[in-house]
Amino acid sequence: QVRLVESGGGLVQAGGSLRLSCAASERTFNYYSMGWFRQAPGKEREFVAGIGTSGGYKDYPDSVKGRFTISRDNAKNTVYLQMNSLKPEDTAVYYCAAGSSYGVSRVPRAYTYWGQGTQVTVSS
């Protein structure tokens with residue numbers, strides 16, 4: 001129903017920045033709360049950021065608060081993750097996810113649609 005495609009990942013040195021994009025294929029994008037998750041090898045999928053349908057509500061875990069910023073442009077069916085002051089521990093595959101229009105969740109099971117992921121590697 002909704003296809004999500006992430007882009008913008010790559011290799012960056014510690015302290016650098018990356019901007020991830022997640023483009024949705026359908027015009028129903030504005031009905032979904034959106035989230036970013038990441039998963040490193042051997043670790044569970046971790047919540048990174050969430051944003052409500054209008055962009056007025058945002059949620060971040062302490063691990064990225066103050067460094068990462070989530071935003072969305074519903075006219076472009078796109079959600080973004082601006083990542084600043086990157087650390088080696090931020091290295092992971094980053095996934096975009098679409099949930100419901102009723103709230104933002106920190107748990108993966110709350111989201112219906114997932115992208116393929118984009119690799120972010122931060123060197124020391």
Using the test side chain to side chain donor-acceptor pair (under 3.5 Å), find all partners of [X] that sit at least two apart in sequence or belong to another chain.
X	result
Y113	Q1
T69	none
R3	none

Donor-acceptor pair, side chain of E6 and main chain of Q116, under 3.5 angstrom: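 Flag set: sc E6 to bb Q116 pair under 3.5 Å.
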According to side chain to side chain contact (heavy atoms under 4.5 Å, CB included), who are the partners of [X], at least two apart in sequence or on a separate chain?
X	value
V12	L18, L86, V122
K65	Y60, D62
T121	L11, T91, Q119
A23	T78

For F37, the rest of its hydrophobic cluster, which grows through side-chain links under 4.5 angstrom: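 Its cluster partners, ordered by chain and number, are F47, Y57, V93, Y95, V104, Y111, W114.
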Shared-cluster residues of V107, by chain and number - hydrophobic side chains joined below 4.5 Å: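 Reading the cluster by chain and number, V107 sits alone, since nothing else belongs.
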All pairs passing disulfide (SG to SG under 2.5 Å) where residues 6-43 contributes a residue, at least two apart: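 Listed once each, the pairs are C22-C96.
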Could you tell me the separation between the [atom1] atom of [X] and the [atom2] atom of [Y], rounded to the nearest 0.5 Å?
X	Y	atom1	atom2	result
R72	K58	CZ	NZ	11.0 Å
L20	W36	CG	CH2	4.5 Å
I51	Y80	CD1	OH	11.5 Å

Within-4.5 Å side-chain heavy-atom neighbours: N74 and F29: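 Sidechains of F29 and N74: in contact.
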Side-chain heavy atoms of S63 within contact of E46, under 4.5 Å: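 Side-chain contact under 4.5 Å: yes.
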Contact summary for P61 and V48, nearest pair of heavy atoms: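 Distance-wise, the nearest heavy atoms are CD-O, 2.9 Å.
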Contact summary for A14 and P88, nearest pair of heavy atoms: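 Minimum heavy-atom contact is CB-CD, 4.1 Å.
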side-chain hydrogen bond (donor to acceptor under 3.5 Å, both in side chains) contacts touching residues 11-26 (sequence neighbours left out):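 Output for this query lists S17-N84.
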Hphob cluster co-occupancy, M34 + F68, side-chain heavy atoms under 4.5 angstrom: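 Yes, one cluster joins them.
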Partners passing salt bridge (charged side-chain N to carboxylate O under 4.0 Å, His left out) against D90 (at least two apart in sequence or in another chain):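 Here the qualifying residues are R38, R67.
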